[in-house]
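Chain letters run A, B, ... following the sequence lines, proteins first, then strands; residues in each count from 1.
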Protein chains: 2
Amino acid sequence: MDTTQRTEQQRSADRRRRELLEAADRVVLRDGPQASMNAIAAEAGITKPILYRHFGDKGGLYAALAMRHTDALLASLRAALDAPAERRERVEATLDTYLAAIEARPQVYRFLMHPSEGGQGGDHGFDVGKHSAPLLRRMGEELAQVIEERLDLGPGTQQLARVWGHGIVGMMHAAGDWWLGERPCSRAELVRSLADLLWGRLAAAGDKVGGPGF
Amino acid sequence: MDTTQRTEQQRSADRRRRELLEAADRVVLRDGPQASMNAIAAEAGITKPILYRHFGDKGGLYAALAMRHTDALLASLRAALDAPAERRERVEATLDTYLAAIEARPQVYRFLMHPSEGGQGGDHGFDVGKHSAPLLRRMGEELAQVIEERLDLGPGTQQLARVWGHGIVGMMHAAGDWWLGERPCSRAELVRSLADLLWGRLAAAGDKVGGPGF
DNA sequence: CGTGCGTGTTACTAGCGGTAACCTGAGTCT
DNA sequence: AGACTCAGGTTACCGCTAGTAACACGCACG
């Protein structure tokens, strides 16, 4: 009986937790990453201490929230990466999937990339290097694994794959961020340009006449 | 006489401003981006309102601070990019310059990448897309200009150059950030791996035997 | 009946960014 | 001399935030 009761309670707690996360989601979608705990609690129809009982602190809530979106986006990316097509087509599809996602819900994207960051909660630890958005890290690792599994890069494949994974993800992210702000071209054009870059057009390009060469 | 007096005052104000910036620099170097205005004022031996008279608000101070470091780093990068050598060598030198900089002073680097970002100062504006670190944007634009000036990419060169500029900078940044956290290899190896990526080794790589191909 | 226990609230602390109001001393005009 | 201006600086405050302690209701169990 004790067990059944505990499961019952846990079930209720989980439901509550999901409700709270959805409320938080709505607020973040509306207010961006500056969404305050007060606002989230109000949106959920409760008060702050409950949030803290469920998630510990703001970081906990944000981590839980980020996990959901990150998982969803990663699933899409994996699907694009696994489609049956030529390598270049798949790379383009993956880029396009990512860009479409950040285009569709920029607030969520922004939240994922800059998760609060602040908090004067005395953590004076040197956590430099780990400060990057978890989403970027996870995407980088994921891509690294795919590269390592499928590409033959000779000796040092594993290390090369990890560098490339993070590097390519960073390229995608920075280009996407800039593109989202200035909209200098269509999504398809951006995808093609980035794929061209990855396909070695930089190395293959000729020097401009009269210049010292790049 | 009026002019001389005003220049005298302005000179004094500028000196003061530089002193304040140096104090702020010390604090940021010590406390990271969470450095508070109070702490900075204390380090400078004065009180908050003076800071606000000089820089307007926290964003202003941070912008002024970031400008110094950004200018310095950009100058180094430009030098590496302009060195008399083969294209690949120059690319490697530039990557190495950046990585050496972030390796040498990670706190400054972190500050430049995530300039406060917070602040409850009711700016609920949808500034998504412009949220990226100014340093990244400036580096991207700079690189884009160099690419456009020196490379012959056929029609659409300008747009391609901008995409590549931001993309390459993002690649460098993300890989550097990851590398700084995990230190999976030497700086030289990282530089080589990234240059290899830019040189089209991704496209040239063969599929792994037995796999579906990437 | 009372005793826990989960669920929720109110009311608070400490610290932040930012500002209004005041003070102070040096130079200038009459 | 004495009043007047004005830069430079301080105290004391506002409104906000994240986070917490302490108290109150409802409901099962012995």
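- Proximity of A:Tyr98 to A:Val169: side-chain heavy atoms (C-beta onward) are nowhere separated by under 4.5 Å.
- Taking atom CG on B:Leu20 and atom C1' on D:dG9, their separation rounds to 12 Å, with Å as the unit.
- Residues passing the salt bridge (charged side-chain N to carboxylate O under 4.0 Å, His left out) test with B:Arg201 are B:Asp196, sequence neighbours excluded.
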**Request:** Apply the test ring pair (Phe, Tyr, Trp, His ring centres under 6.0 Å) to residues B:Tyr62 and B:Phe111: give CA-CA distance (whole Å), side-chain angles for both, the deciding distance (0.1 Å), then the verdict.
**Result:** CA-CA 9 Å; B:Tyr62 275 32; B:Phe111 163 73; 5.0 Å; yes

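- In terms of the side chain to side chain donor-acceptor pair (under 3.5 Å) criterion, A:Gln159 has no residue partners (sequence neighbours excluded).
- The side chain of A:Tyr52 lies closest to D:dA18, out of D:dA18, C:dC16, C:dT9.
- If you measure from atom CZ of B:Arg15 to atom C1' of D:dG8, you get 14 Å, rounded to the nearest angstrom.
- In this structure, A:His54 places its NE2 atom 15 Å from C1' of C:dT9, rounding to the nearest Å.
- The shortest non-hydrogen separation linking A:Leu95 to A:Met171 is CD2-CE, 4.4 Å.
- Between the two ends of the helix from C:dC1-D:dG30 to C:dT30-D:dA1, each summarised by a five-pair axis, the helix axis turns through 40° (rounded to 10 degrees).
- When rounded to the nearest whole Å, the span between CD of B:Glu19 and P of D:dG9 equals 10 Å.
- Computed from coordinates, the B:Arg16 CZ to D:dG8 P distance equals 9 Å when rounded to whole Å.
- Computed from coordinates, the B:Leu51 CG to C:dC16 P distance equals 14 Å when rounded to whole Å.
- Counting non-hydrogen atoms under 4.0 angstrom, A:Ser36 reaches the backbone sugars and phosphates but no base.
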Tabulate atom names and distances for all N/O pairs under 3.5 angstrom spanning the protein and nucleotides 21-24 of chain D.
none

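- When the side chain to side chain donor-acceptor pair (under 3.5 Å) test is applied to A:Glu142, the partners found at least two apart in sequence or on another chain are A:Arg78.
- Separating the CE atom of A:Met37 from the P atom of C:dC16 is a distance of 19 Å, rounded to the nearest angstrom.
- A:Arg183 forms a cation-pi arrangement with A:Trp179, by the criterion of a distance under 6.0 Å to the ring centre and an angle within 45° of the ring axis.
- Between B:Trp178 and A:His166, the two ring planes are parallel [angle under 30°; tilted spans 30° to 60°].
- Scored by the salt bridge (charged side-chain N to carboxylate O under 4.0 Å, His left out) test, A:Glu189 finds no partners at all (sequence neighbours excluded).
- Under 3.5 Å, the side chain of B:Lys58 and the base of C:dG18 form no donor-acceptor pair of N or O atoms.
- Distance, B:Lys48 NZ to C:dC16 P: 8 Å, rounded to whole Å.
- The side chain of A:Thr47 places an N or O atom within less than 4.0 Å of a non-bridging phosphate oxygen (OP1 or OP2) of C:dT9.
- Side-chain atoms of B:Asn38 lie closest to C:dC16 of the nucleotides C:dC16, D:dG19, C:dG8.
- Side-chain proximity of A:Ile46 to C:dT9, C:dG17, D:dT20: nearest is C:dT9.
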